[in-house]
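Order of the sequence lines fixes the chain letters, A, B, ..., with proteins taken first and strands second; residue numbering starts at 1 for each chain. Not measured: the values here are computed from a predicted model.
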Amino acid sequence: MIQKPKGTRDILPDEVYKWQYIEGVVRDILENAGMGEIRVPVFEHTELFSRGVGETTDVVQKEMYTFEDKGGRSITLRPEGTAGVVRSYIENGMASQATPIKLWYEMPMYRYENVQKGRLREFRQIGTEVIGTESYLADVEVISLGAKIFEALNIPNIKLNINSIGCPVCRQKYQEALRDFIRPNLEKYCDTCKTRFEKNPMRILDCKEQKCKEMNQGAPIILDYLCEECREHFEKVKSLLMNLEIPFEIDSSIVRGLDYYTKTVFEFVSEDDGLTVLGGGRYDGLIKEIGGQDTPAVGFAMGVERLLEIFEKYNKDVIEDYNMDLYIATIGEEADLFATRLVMNLRDEGVFVEKDICSRSLKAQFKYADKKKARFVLTIGEDEVKKNYAKLKDMKTGEEVETKLKAEEIFSKLFE
RNA sequence: GUGGAUUUAGCGCAGUUGGUUAGAGCGCCAGUUUGUGGCACUGGAGGCCGUGGGUUCAAAUCCCACAUUCCACCCCA
């Protein structure tokens, strides 16, 4: 038996309707906000991600599915959506369209990680990108759409955390200050923190080790180091969120794992399991970084598997599956031929109808109809074909009515 | 990458100090007046006991390695 690769999942028919429900709700929300769906390749040149996402990030350093293709090119299965979407924005000259460009996507992502709760190697994200505006209004629009999605899906216990990590200028000043604060005790920090010191000192503040936590008391926080412009931007984001009555908390430990973020960053975290369901922020430097005009942008991505898991918990009754309207049971070849035509006609009318294709006994056909939750069964044998009449049985009540074997009449008996 | 748990029929499981052809339930298929479902009864199909080595006269059972699934760290959606 060849099993599916580690960290992948099959989504079976009895599950896929939940996906479709969520996707429908989210699509409506995003498209009503003017977002157009975009689909970009599953794989890109490795360089797009190493430059876009950042050489020093864990995603690039240890989680990418990278391989050489037969032409000797280094190819990577996308670990996130923004880099590819932005690449497409540049490559297709979308800058010449009405600004801002608003895009959304639902695409599978690939990260070579160890599997655990809420974490797969192939997982799907729904995301948005708003490109071409540096205004705080765009940050808030994107955040409010995130909040709207949880509301529309009836998912409670979602907490919004926001932070600002400034622009490269204020961030560098902050990192210096942070290193100065840590340096005297550096030897006493845990090994992982020591390795973070040069590469990304902001992560040290997030360490779970007790001793590191203690030493972190009183560390400088980035919000005190923001330049005037970044500070004002963040203030405006906060006050508009408050005006809109979107509750949030400031969490100065949000750093985000992708290097391209600037200024506003945010996470919607489920308080049920502590997992981040939706994360995003502003990325004013990315488009220039990968070769476009210097263009500001903001967006988010949500993990659909994570979203679905919480959704199911609170919406057990909302979803009902799509059941068969009619099953046509047949006896004999003549009836089979007749019923096959009838089924085709009824399907043309939009009826969910099945008939036996296993040449099974009448009893077995009824059993099948019952298991598949057919609302009605129509039984056709030689006599029925001759007389052009048959019995239509309501599977719930057991009542039977006579019907003419005409698609129109059957249709009206089913749906009147 | 590190650590813990897990793996027996389609599914969830039982399998006792290693000992003949590995079990029940649910599900599946069929039969119980060869034209009527759910219930009941009867029967049937379906297992390289995760994979590969080793110990033994003998391994689902003991040992080792690898894999899987789940969980935690790390990190993230």
[N] and [M]: how far apart are their [atom1] atoms, nearest whole angstrom?
| N | M | atom1 | answer |
| --- | --- | --- | --- |
| B:C41 | B:A5 | P | 43 Å |
| B:G43 | B:G10 | P | 22 Å |
| B:C70 | B:U7 | C1' | 11 Å |

Worksheet item: If only side-chain N and O atoms of A:Arg119 are considered, is one of them under 4.0 Å from the OP1 or OP2 phosphate oxygen of B:A77?
Response: no
Worksheet item: Are OP1 or OP2 of B:A72 and a side-chain N or O of A:Gln116 less than 4.0 angstrom apart?
Response: yes
Return the polar atom pairs (N/O with N/O) between nucleotides 3-11 of chain B and the protein under 3.5 Å, or none.
none

Practice prompt. Describe the nucleic acid contact of A:Gly7 in one word from base, sugar-phosphate, nothing, applying a heavy-atom distance below 4.0 Å.
Written response: sugar-phosphate
Worksheet item: Are the ring centres of A:Phe266 and A:Phe248 closer than 6.0 Å?
Response: no
Worksheet item: RNA chain B in dot-bracket, Watson-Crick or G-U pairs under 3.5 Å, [ ] crossing, | other strand?
Response: (((((.(..((.(.....[...).)).(((((.......))))).....(((((..]....)))))).)))))....
Practice prompt. Apply side-chain contact (heavy atoms from CB on, under 4.5 Å) to A:Thr8 and list each qualifying residue two or more places apart in sequence or on a separate chain.
Written response: A:Lys4, A:Pro5, A:Glu122
Practice prompt. Sequence neighbours left out, what passes side-chain hydrogen bond (donor to acceptor under 3.5 Å, both in side chains) with A:Lys391? Give chain and number order.
Written response: none
Practice prompt. Please name all residues satisfying side-chain hydrogen bond (donor to acceptor under 3.5 Å, both in side chains) with A:Gln61, sequence neighbours left out, ordered by chain then number.
Written response: none
Discussion item. Could you check whether any side-chain N or O of A:Tyr65 sits under 3.5 Å from a backbone N or O of A:Pro79, counting only pairs where one atom can act as donor and the other as acceptor?
Written reply: no
Discussion item. How would you summarise protein contacts on nucleotides 33-50 of chain B per nucleotide, using B for base, S for sugar-phosphate only and - for none, with heavy-atom distances below 4.0 Å?
Written reply: --BBBB------------
Worksheet item: Between A:Arg179 and A:Glu176, is the closest basic N to carboxylate O distance under 4.0 Å?
Response: yes
Worksheet item: Any ion pair linking A:Arg87 and A:Glu91 (charged N to carboxylate O, less than 4.0 Å)?
Response: yes
Worksheet item: Is there a side-chain contact between A:Ile22 and A:Lys18, using heavy atoms and a 4.5 Å cut-off?
Response: no
